[in-house]
Amino acid sequence: MPAPDLAASANPSATNLQIKLLVAVLACCALNASAAPSVFPTGTTRYDPARAFNSYVLFTGGDNVARLIDMNGNPVRQWPDAAAHSSAIDPVVNGGQLGHVFVTLSTASGAGTDLVPGRVNARISHAVGELDWDGKTVWQFGDQAPGGHAQQHHDWARLPNGNTVLLANLAHAVPGFKQPKVLDDVIYEVDRAGAVVWRWVASEHLDEFGFTPQELALIKNADTADYLHLNNMKVLGPNRWFDAGDQRFHPDNLMVDSRDANVIAIIDKRSGKVVWTLGPRFAATPPAGAARKLPRPVDQISGQHDAHLIPPGLPGAGNLLVFDNQGEAGYPRAALTVTGGSRVLEIDPVRKEIVWQYTADDSGGPGWSFRSTHISNARRLPNGNTFIDEGQFGRFFQVTPKGEIVWEYVNPYPRRTKSAAGGAEVVNYQSYRAQPVPYAWVPAATPRTELAVGATEPSQFHIQPAARQ
């Protein structure tokens, strides 16, 4: 892919933002009116290079293109991605290879099959793989998978031994469930040749998650076949808890979280048993004042995503970082506040206490102004900032430990589909996950700019009416 012309987008002034707004207005004039606000800026909308952690960012847009952008929003590399789960691979666990990514190579229709029980016209991943910097496929898994389809979803990771772990689906009958077939969650460890060398199936360990008999009854009688909906799987990696002798936190163990059941768990890699959980029951969310007190016991998490231990060398290393969506979930459904928003929580996993949090209040907004009831993620950065993907809106931003926003970007690559009612066009800017990618992970000659973008007061932006003819 040729290097982009960065000079054309090098001026981050208000004029540049006004141009983006004008383009958005002209585009909206050509479309049907939308239920959402019809005009908003996209690309980098705020950036303080001195206070942000400067890196690239990888995400897949609604057009099924995985893009690596710089802090000014300039695309510097792209790869085709048949789904929306692209991930950059750390060269440390990949033989020093720079600029390699995981993507979905191809999908298959599950319509009219038993691959996706309880869903209509769903697509599954047929093949997933690793692409190099130039887009060449250097590893893939699909035809060799059980059933001939990878059925990977949400997450994957390269292991230090060169193998790959993948979170996938398995449609099968499970005794005791109301649904004739459930859409189970399975983890495969796959070697370089595509052979499955380790397997873990969620339904075989339900009794280890800490559910009460009443909760298990609700799960087994659920109206959905996708009864747990695991949306995350992370290798724990080296951490201070294991170094202190806590075997539950062995670096090879895996952390998963169930969006529908409101539980985060650690799987012992050697035995397959669940050895640590957070949830599924939590204390009620405290009143506004008490909800700012830190540290405090973990209160109601619901519909969470991207639970993982902060890696060594980063501020908060060993603590659990999670995007708490505050979306509808739980067996039974959790009680949630009507006007509350989402949260990012840093949790001491041994004491099970919240030690840091981010809510809209920290940036001077009403609670509901930061809200993504599904998808989304958060990552700790080397300078102590936290990277956040507010996935429902397609907004990525960095906050300081005190909650000040020092970089912000809005996804300009929507998915365009037809609505079920009336065939109107649906324009969706959401982004499942975004990943900060250190400069050292890609070839050194990769272009980038780090030009400041001043914050703009929304009340001062006005679209002028068209001139009279």
Side-chain angles (χ1 to χ4, degrees), residues 82-85 104 106-128 141-142 145-156 165-188 196 199-233 254 256-265 267 272 274 277 279-280 302-305 307 325 327-334 373-375 417 420 430 432:
H85 301 150
T104 302
S106 61
T107 63
S109 175
T113 76
D114 61 356
L115 296 176
V116 282
R119 296 184 184 177
V120 179
N121 297 325
R123 298 194 69 81
I124 62 168
S125 67
H126 167 67
V128 297
F141 176 69
H149 296 288
Q151 290 194 255
Q152 183 272 341
H153 65 89
H154 289 92
D155 231 337
W156 36 34
V165 285
L166 308 101
L167 182 58
N169 280 136
L170 175 66
H172 65 151
V174 177
F177 276 73
K178 180 178 77 172
Q179 300 293 331
K181 283 193 174 183
V182 299
L183 193 63
D184 219 343
D185 289 292
V186 58
I187 300 174
Y188 298 122
V196 175
R199 189 183 87 148
W200 180 90
V201 181
S203 61
E204 297 174 1
H205 299 274
L206 271 184
D207 291 340
E208 301 165 11
F209 280 89
F211 298 118
T212 66
Q214 293 78 16
E215 290 164 347
L216 277 174
L218 290 173
I219 289 170
K220 292 181 178 181
N221 286 282
D223 291 330
T224 175
D226 190 10
Y227 66 102
L228 283 182
H229 192 89
L230 298 187
N231 59 32
N232 173 70
M233 176 210 63
L254 302 170
V256 297
D257 66 60
S258 166
R259 185 197 70 187
D260 283 21
N262 287 346
V263 62
I264 302 171
I267 300 165
V274 174
T277 58
S302 190
Q304 74 288 338
H305 282 73
N325 298 74
E328 185 181 30
Y331 294 100
R333 288 292 188 249
T373 57
H374 69 299
I375 58 180
T417 58
Q430 75 176 32
Y432 160 67

Thr104 side chain near Trp156 side chain, heavy-atom distance below 4.5 Å:
yes
Could you work out, with ring pair (Phe, Tyr, Trp, His ring centres under 6.0 Å) as the rule, every residue matching His85, not counting sequence neighbours?
His154, Tyr432
Looking at every non-hydrogen atom in both residues, tell me the closest pair between Glu215 and Gly210 and how far apart they are.
OE1-O, 4.1 Å
Quick one, Leu216 with Asp207, criterion side chain to side chain contact (heavy atoms under 4.5 Å, CB included). Give me CA distance, side-chain angles, the key distance, then yes/no.
CA-CA 8 Å; Leu216 277 174; Asp207 291 340; 3.6 Å; yes
Suppose we screen for ring pair (Phe, Tyr, Trp, His ring centres under 6.0 Å). Which residues come up paired with Phe177, at least two apart in sequence or across chains?
Tyr227
Decide yes or no for Leu166 and Val128: does some side-chain heavy atom of the first lie under 4.5 Å from some side-chain heavy atom of the second?
yes
Go through the structure and list residues passing side-chain hydrogen bond (donor to acceptor under 3.5 Å, both in side chains) with Ser302, not counting sequence neighbours.
Asn262
Distance (rounded to the nearest 0.5 Å) between Ser125 OG and Gln152 CD:
5.5 Å
Side-chain heavy-atom pair Leu218, Phe211 within 4.5 angstrom cut-off:
no
Note, Ile187 side chain near Leu230 side chain (heavy atom, < 4.5 Å):
no
If only atom types and distance count, is the side chain of His153 paired as donor or acceptor with the main-chain N or O of Gln151 below 3.5 Å?
no
How long is the straight-line distance from CG of Leu167 back to CG of Leu254, given to the nearest 0.5 Å?
10.0 Å
Any side-chain heavy-atom pair from Ser203 and Val182 closer than 4.5 angstrom?
no
Nearest-0.5 Å distance, CD1 of residue Ile219 to CG of residue Leu206:
6.0 Å
Under the side chain to side chain contact (heavy atoms under 4.5 Å, CB included) test, which residues partner Glu328, sequence neighbours left out?
Arg333
Close side-chain approach of Leu183 to Thr224, heavy-atom, < 4.5 Å:
no
How far apart are the closest heavy atoms of Pro280 and Val263, and which atoms are they?
N-CG2, 4.1 Å
Tell me the salt bridge (Lys or Arg N to Asp or Glu O under 4.0 Å) pairs involving residues 171-180, sequence neighbours left out?
Lys178-Asp223
Among all residues two or more places apart in sequence or in another chain, which pass the side-chain hydrogen bond (donor to acceptor under 3.5 Å, both in side chains) test with Asn232?
Lys234, Asp257
Value for CD (Gln179) from CG (Asp184), rounded to nearest 0.5 Å, stands at 12.5 Å
Restricting to ring pair (Phe, Tyr, Trp, His ring centres under 6.0 Å), what partner residues turn up for His205, sequence neighbours left out?
Trp200
Hits for side chain to side chain contact (heavy atoms under 4.5 Å, CB included) against Ala145, two or more places apart or cross-chain, chain-then-number order -> Phe141
As an exercise, state the distance from OG of Ser109 to NE2 of His126, rounded to the nearest 0.5 Å.
13.5 Å
Within the 4.5 Å heavy-atom criterion, are Leu228 and Asp260 side-chain neighbours or not?
no
Contacts of Asp185 meeting salt bridge (charged side-chain N to carboxylate O under 4.0 Å, His left out) (sequence neighbours excluded), chain-then-number -> none
Of His374, His305, Gln304, the residue whose pairing with Asn231 passes side-chain hydrogen bond (donor to acceptor under 3.5 Å, both in side chains):
His305
Heavy-atom distance under 4.5 Å between the side chains of Ser258 and Phe209, does that happen here?
no
